[in-house]
Chemist: 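Structure in structure tokens, see below.
Letters A, B, ... mirror the listed sequences (proteins, then strands); counts begin at 1.
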Amino acid sequence: MLMNIQKVLDEKVKEAVSAIYGIALPTVEFQPTRKDFEGDVTVVVFPMLRHVKGNPVQIGEQIGTYLKKEVSEVSGFNVVKGFLNISISDSFYLSFFNKVKDNDEFGLIAVQDDAVMVEYSSPNTNKPLHLGHVRNNLLGYSVAEILKASGKKVYKTQIINDRGIHICKSMLAWQRFGNGETPESTGLKGDKLVGNYYVAFDKAYKEEIAELVAKGVEKEVAEKEAPILLEAQKMLQKWEAGDEEVVSLWKRMNGWVYEGFETTYKNLGVDFDTYYYESDTYLLGKDVVADGLEKGVFYKKEDGSVWIDLTDEGLDEKIVLRSDGTAVYMTQDIGTAIQRVKDYPDVNGMVYTVGNEQDYHFKVLFLILKKLGFTWADKLYHLSYGMVDLPSGKMKSREGTVVDADDLMEDMTQTAAAISEELGKLEDYSDAEKKELYKMIGLGALKYFILKVDPKKRILFDPKESVDFQGNTGPFIQYTYARIQSILRKAKETNVERAALVEVSELHLKEKELIKQIQLFPETIQLAAENYSPALIANYTYDLVKEFNSFYQQVSILGEEDVKKKDFRVQLSQKVGNTIQSAFKLLGIDVPERM
RNA sequence: GGCCUCGUAGUUCAAUGGAUAGAAUAGAAGUUUCCUAAACUUUAGAUGCAAGUUCGAUUCUUGCCGAGGCUACCA
């Protein structure tokens, strides 16, 4: 027996149309029957009218009659306008349930050969991570987990932007104003300390511009000629030349930042299989560019800069190498992509988790790789997501308007603690247990808040209105999971019998709805993988949980006198709990035993 | 200017071209001698505007209005 009733019906509907009208139908359109109509699955008749002439209601009736007679799982039907609503027998759902109930891996596909590399996070090392990075990290991590669950082998990676003028700015400011401060001497997290000097640089820079303008220098000129900026540029040149002092400072300050990042990643619950550093890879692309120049993919301008002409594809000309021969962002990305395929030959596709402000960049990058003749260029995907904006607009590190990642996580944990303390359900928990739980809930709220939104859409985050803990939220789902665990503990204590195969004569409406929702889990994972969308998993889980709470309210589980029904309901609850856990794992959210 | 996203209840989010556009939150009204009330039940409230394609459009096309982004020898 097939697990999905649609697959059964698909064949049978075609068979019916063929038997009744002698016409071969290419496809059949299904949808779940809306709540306000009777039935479980609905066949939409309208699209058939292109092939079968006639009255949709009549056609629906005829197909329905055929199905009822020929398909044992079909227990009844009704036709409303052009919609054929089909009722499926309880025994179908029960037998499905028995088949999957003890499979904790239900919906997950074992890893196959097909490997994909998912890049995410990829921060600059001159400042701490903020809410924008949080979205990136959560998205990348979750998509990687979803791809794994859909049967792909996944390598998580990032490219760390550890060199460039922005780092030199922090370094220079530290040299000038730092008085030898270190994370140890200040007690500050390394990334925070370095970030402070990035801000300090900007402040000094702006002051210098103001001074110059006061002296009558044009603003645009002042912006280019402020002494501190010129010095930062000089520092970058020294770095590229391998100046010992500069390189050593660079290593030292980056080391501070990495330590800070590591803490943030750990708290956020994300991880990586392999790291790439821009300082290692920025030269790689140059050879490829030289090659491409020979092949005529690129061309050289008089000043020596190298370009690609993409006007035929409706894009512009794009620079791939500066006139002084140094690499630009694009050069490095070309090199990095090629290096990754060399390092992981089984990789058959890469996902770049990068904000939508870089849509154009990736369009160009993929096109260049294709023109260079790399067949895998077709398998590259830019997971483009919307920015996280504040009510005041875009977050800007330099202006200090960012929502810091560490602070945010701490805030969320505090809020979870406050709510939990007020409810006072966990008096017997130790402080350590409480602490762990509050973090789980706080992060659950944050992660769900971000991941439930379609990645493409921008998120407006108002720090004044804290993230909800009620309604369509992570904690609501965690709470339901905890409730289920409570039932399971009690069922165990009271020795509720646990049959290998549950057996009940008929299903309560809510029970059937729950099984239907469980049935959707595998296809939801596949859909989420195809669309690179954790939001689909989040929405699915919410629907499941909402249905369960309604069931929980309406139907007594442990209070049921019929032992077979009681057993079934306990096992159904367990399956729902297990599905919540699996789904949330794909979002990187943990679930509690109690809360 | 050119190119790319996005406009859905007061607010935050849903809706493979399908039925009466779903939730949450804020608002109103209820449910705790009953398995955890971070819950459940009821109620009111929305597709920016205008055409077009279609049996049928929130979804596809075009125009307008509005928001954001890209258009650097920055990353």
Chemist: Quantified in whole Å, what is the P atom distance between nucleotide C40(B) and nucleotide A57(B)?
Modeler: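 The answer is 35 Å between these two P atoms.
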Chemist: Does S486(A) put a side-chain nitrogen or oxygen below 4.0 Å from OP1 or OP2 of U36(B)?
Modeler: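 Result: yes.
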Chemist: Counting Watson-Crick and G-U wobble pairs only, both distances under 3.5 Å, name the nucleotide matched with A67(B), or none.
Modeler: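 A67(B) is paired with U5(B).
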Chemist: If you compare every side-chain N and O of K35(A) against the phosphate oxygens of A19(B) (OP1, OP2), does one of them come in below 4.0 Å?
Modeler: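 For A19(B), OP1/OP2 do not have a side-chain N/O of K35(A) under 4.0 Å.
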Chemist: Salt bridge between K510(A) and E513(A), side-chain N to carboxylate O under 4.0 Å?
Modeler: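 Between E513(A) and K510(A) there is no salt bridge, as every charged N stays at least 4.0 Å from the carboxylate O atoms.
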Chemist: With a non-hydrogen cut-off below 4.0 angstrom, is V555(A) in contact with a base, only sugar-phosphate, or nothing?
Modeler: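 Base contact - V555(A) has a heavy atom under 4.0 Å of at least one base atom.
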Chemist: So does T480(A) reach the base of A38(B) with its side chain, donor to acceptor, closer than 3.5 Å?
Modeler: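 Counting by modelled atom types and ignoring angles, no donor-acceptor contact under 3.5 Å is found here.
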Chemist: If you look at every strand shown and take non-hydrogen atoms under 4.0 Å, does F461(A) touch a base, only sugar-phosphate, or nothing?
Modeler: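 Counting heavy atoms under 4.0 Å across all strands, no contact is made by F461(A).
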Chemist: Out of the candidates L558(A), N578(A), L514(A), I557(A), only one should pair with S573(A) under the side chain to side chain contact (heavy atoms under 4.5 Å, CB included) rule; please name it.
Modeler: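 That would be I557(A).
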Chemist: Which nucleotide in the list G7(B), U20(B), C74(B) gets nearest to the side chain of R34(A)?
Modeler: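 For the R34(A) side chain, the nearest candidate turns out to be U20(B).
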Chemist: Using a heavy-atom cut-off of 4.0 Å across all strands, would you classify P47(A) as base, sugar-phosphate, or nothing?
Modeler: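 Result for P47(A) = base.
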Chemist: Using the P atom in both, what is the distance from U16(B) to C74(B), to the nearest Å?
Modeler: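 Rounded to whole Å, the distance is 43 Å.
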Chemist: Scan Q554(A) against the nucleic acid and name what it touches under 4.0 Å (heavy atoms): base, sugar-phosphate only, or nothing.
Modeler: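 No contact.
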Chemist: Rounding to an integer number of angstrom, what distance separates A14(B) and A9(B) when you compare their P atoms?
Modeler: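 Taking atom P in both A14(B) and A9(B), they lie 13 Å apart.
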Chemist: Should the pair K456(A)-D454(A) be classified as a salt bridge under the 4.0 Å nitrogen-to-oxygen rule?
Modeler: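 Yes, charged N to carboxylate O under 4.0 Å.
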Chemist: Rounded to the nearest angstrom, tell me the gap between atom CE in M595(A) and atom C1' in C35(B).
Modeler: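 Checked: the CE to C1' distance equals 17 Å.
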Chemist: Which of these nucleotides, A19(B), A38(B), A14(B), is closest to any side-chain atom of I441(A)?
Modeler: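 Closest nucleotide to the I441(A) side chain: A38(B).
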Chemist: So, is K81(A) near the phosphate of U20(B), with a side-chain N or O under 4.0 Å from OP1 or OP2?
Modeler: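 Yes, such a contact exists.
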Chemist: What orientation do W239(A) and W250(A) show, parallel under 30°, tilted 30 to 60°, or perpendicular over 60°?
Modeler: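 Answer is perpendicular, since the angle exceeds 60°.
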Chemist: Under 3.5 Å for both donor-acceptor distances, Watson-Crick or wobble: does A19(B) have a partner, and if so which one?
Modeler: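 Paired with A19(B), as far as the under-3.5 Å criterion goes, is no nucleotide at all.
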Chemist: Mind checking the P distance from A37(B) to A15(B)? Whole angstroms is fine.
Modeler: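 31 Å, rounded to whole Å.
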Chemist: Within the 4.0 Å heavy-atom criterion, would you say E278(A) contacts the bases, only the backbone, or no part of the nucleic acid?
Modeler: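 E278(A): backbone/sugar contact only, no base atoms under 4.0 Å.
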Chemist: I need the minimum non-hydrogen distance between V57(A) and K81(A), along with the two atoms involved.
Modeler: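 Where V57(A) meets K81(A) most closely, the heavy atoms are CG2-O, 3.3 Å.
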Chemist: Think S550(A) has a side-chain N or O under 4.0 angstrom from the OP1 or OP2 of U41(B)?
Modeler: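 Affirmative; the distance criterion is met.
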Chemist: Is there a side-chain polar atom (N or O) of R50(A) under 4.0 Å from OP1 or OP2 of C55(B)?
Modeler: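 Indeed not, no polar side-chain atom of R50(A) lies that close.
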Chemist: Can you tell me if F37(A) is stacked onto the base of A19(B), using a 5.5 Å centroid cut-off and an angle below 30°?
Modeler: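 F37(A) ring centre within cut-off of A19(B) base, planes near parallel; stacks.
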Chemist: For nucleotides A21(B) and U8(B), find the distance between their C1' atoms and express it as a whole number of Å.
Modeler: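 These two C1' atoms come out 8 Å apart once rounded.
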Chemist: Has the side chain of D333(A) got a donor or acceptor that lies under 3.5 Å from a partner of the other kind on the base of A75(B)?
Modeler: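 Check fails, no donor-acceptor contact within cut-off.
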Chemist: RNA chain B: N539(A) or Y542(A), which has the more 5' nearest nucleotide?
Modeler: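 Nearest nucleotide further toward 5': that of N539(A).
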Chemist: Take atom C1' in A38(B) and the same atom in G48(B), then report the distance between them in whole Å.
Modeler: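 The same atom, C1', in both gives a distance of 36 Å.
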Chemist: Quick one: on RNA chain B, does E29(A) or V328(A) contact a more 5' nucleotide (nearest heavy atom)?
Modeler: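 The 5'-side residue here is E29(A).
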Chemist: The side chain of A482(A) is closest to which nucleotide in this list: U20(B), U36(B), A75(B)?
Modeler: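 That would be U36(B).
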Chemist: Are OP1 or OP2 of G7(B) and a side-chain N or O of K457(A) less than 4.0 angstrom apart?
Modeler: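 Result: yes.
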Chemist: Considering every strand shown, what is the Watson-Crick or G-U wobble mate of U11(B) when both distances are under 3.5 Å?
Modeler: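 When the pairing criteria are applied, A24(B) turns out to be the nucleotide that pairs with U11(B).
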Chemist: Send over the distance from I487(A) CD1 to U36(B) P, rounded to a whole Å.
Modeler: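 That distance rounds to 7 Å.
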Chemist: On a plain distance test, is the side chain of K456(A) in donor-acceptor contact with the base of U5(B) below 3.5 Å?
Modeler: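 No, the side chain and the base share no sub-3.5 Å donor-acceptor pair.
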Chemist: Roughly how far apart, to the nearest Å, are A51(B) and A29(B) at atom C1'?
Modeler: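 Going atom to atom, C1' in each nucleotide, I get 44 Å.
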Chemist: Do the charged groups of R489(A) and E493(A) touch, with an N to O distance under 4.0 Å?
Modeler: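 Judged by the 4.0 Å cut-off on N to carboxylate O distance, R489(A) and E493(A) do not form a salt bridge.
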Chemist: Who does C40(B) pair with, Watson-Crick or G-U, both distances under 3.5 Å?
Modeler: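 By the stated definition (distances under 3.5 Å), G30(B) pairs with C40(B).
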Chemist: Pair R458(A), N356(A) - check side-chain hydrogen bond (donor to acceptor under 3.5 Å, both in side chains), show working.
Modeler: CA-CA 9 Å; R458(A) 74 175 197 140; N356(A) 63 11; over 6 Å; no
Chemist: Tell me which nucleotide among C35(B), C55(B), C6(B) gets nearest to the side chain of Y552(A).
Modeler: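 The closest nucleotide is C35(B).
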Chemist: Any idea which of C6(B), U16(B), A38(B) is nearest the Q470(A) side chain?
Modeler: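 Of the candidates, A38(B) comes closest.
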Chemist: Could you let me know what G52(B) is paired to, Watson-Crick or G-U wobble, both distances under 3.5 Å, or none if it's on its own?
Modeler: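 Answer to the pairing question: C60(B), which forms a Watson-Crick or G-U pair with G52(B).
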Chemist: Partner of A72(B) by Watson-Crick or G-U wobble geometry, both contacts under 3.5 Å, or none?
Modeler: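 Its partner: none found.
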Chemist: Under 4.0 Å, heavy atoms only, any strand: does T473(A) hit a base, just the sugar-phosphate, or nothing?
Modeler: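 If one applies the 4.0 Å heavy-atom cut-off, T473(A) turns out to touch nothing in the nucleic acid.
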Chemist: Name the closest nucleotide to the K546(A) side chain, picking from C70(B), U41(B), G18(B).
Modeler: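 Looking only at heavy atoms from C-beta outward on K546(A), the closest nucleotide is U41(B).
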Chemist: Indicate, with a heavy-atom threshold strictly under 4.0 Å, whether N85(A) touches base, sugar-phosphate, or nothing.
Modeler: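 Base contact.
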Chemist: Round to a whole Å and report the spacing from CD of Q553(A) to C1' of U31(B).
Modeler: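 So the two atoms are 7 Å apart, to the nearest Å.
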Chemist: Answer yes or no on whether R135(A) is positioned over the face of Y385(A), meaning its NZ or CZ is under 6.0 Å from the six-membered ring centre and within 45° of the axis.
Modeler: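 Judged by the rule, R135(A) and Y385(A) form no cation-pi pair.
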Chemist: Between C35(B), G18(B), A75(B), which nucleotide gets closest to the side-chain atoms of F46(A)?
Modeler: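 Comparing C35(B), G18(B), A75(B) against the side chain of F46(A), the answer is G18(B).
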Chemist: Consider the side chain of D316(A), meaning its heavy atoms from C-beta on, and name the nucleotide among C35(B), C40(B), U71(B) that approaches it most closely.
Modeler: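 Of the candidates, U71(B) comes closest.
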Chemist: So D454(A), base contact, sugar-phosphate only, or nothing? Heavy-atom distance under 4.0 Å.
Modeler: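 Sugar-phosphate, no base atom in range.
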Chemist: What integer distance in Å separates K510(A):NZ from U41(B):P?
Modeler: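 In whole Å, U41(B) P and K510(A) NZ are 7 Å from each other.
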Chemist: Checking contacts here: which listed nucleotide (A37(B), A75(B), A19(B)) is nearest the side-chain heavy atoms of R483(A)?
Modeler: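 Minimum distance to the R483(A) side chain belongs to A37(B).
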Chemist: Taking the basic N atoms (NZ, or NE/NH1/NH2) and the acidic carboxylate oxygens, is any pair closer than 4.0 Å for E547(A) and K35(A)?
Modeler: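 Salt bridge flag = yes for K35(A) with E547(A).
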Chemist: If you compare every side-chain N and O of R458(A) against the phosphate oxygens of C13(B) (OP1, OP2), does one of them come in below 4.0 Å?
Modeler: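 Result: no.
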Chemist: How are the rings of Y329(A) and H361(A) set relative to one another: parallel (under 30°), tilted (30 to 60°) or perpendicular (over 60°)?
Modeler: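 Parallel, since the angle between the ring planes stays under 30°.
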Chemist: Output yes when at least one side-chain N/O atom of Y360(A) is less than 4.0 Å from OP1 or OP2 of C70(B), else no.
Modeler: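 No, because none of the side-chain N or O atoms of Y360(A) sits under 4.0 Å from OP1 or OP2 of C70(B).
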Chemist: Would you call U47(B) syn or anti, using the 90° rule around 0?
Modeler: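 Anti for U47(B); the angle lies over 90° from 0.
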Chemist: Side chain of T42(A), heavy atoms from C-beta onward: which of C35(B), A19(B), C40(B) has the nearest atom to it?
Modeler: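 The listed nucleotide nearest to T42(A)'s side chain is A19(B).
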Chemist: Looking at every strand, decide which applies to F83(A) at a 4.0 Å heavy-atom threshold: base, sugar-phosphate, or nothing.
Modeler: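 Base contact.
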Chemist: Rounding to the closest angstrom, what is the interatomic distance between G17(B) and U54(B) at atom C1'?
Modeler: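 About 9 Å, rounded to a whole number of Å.
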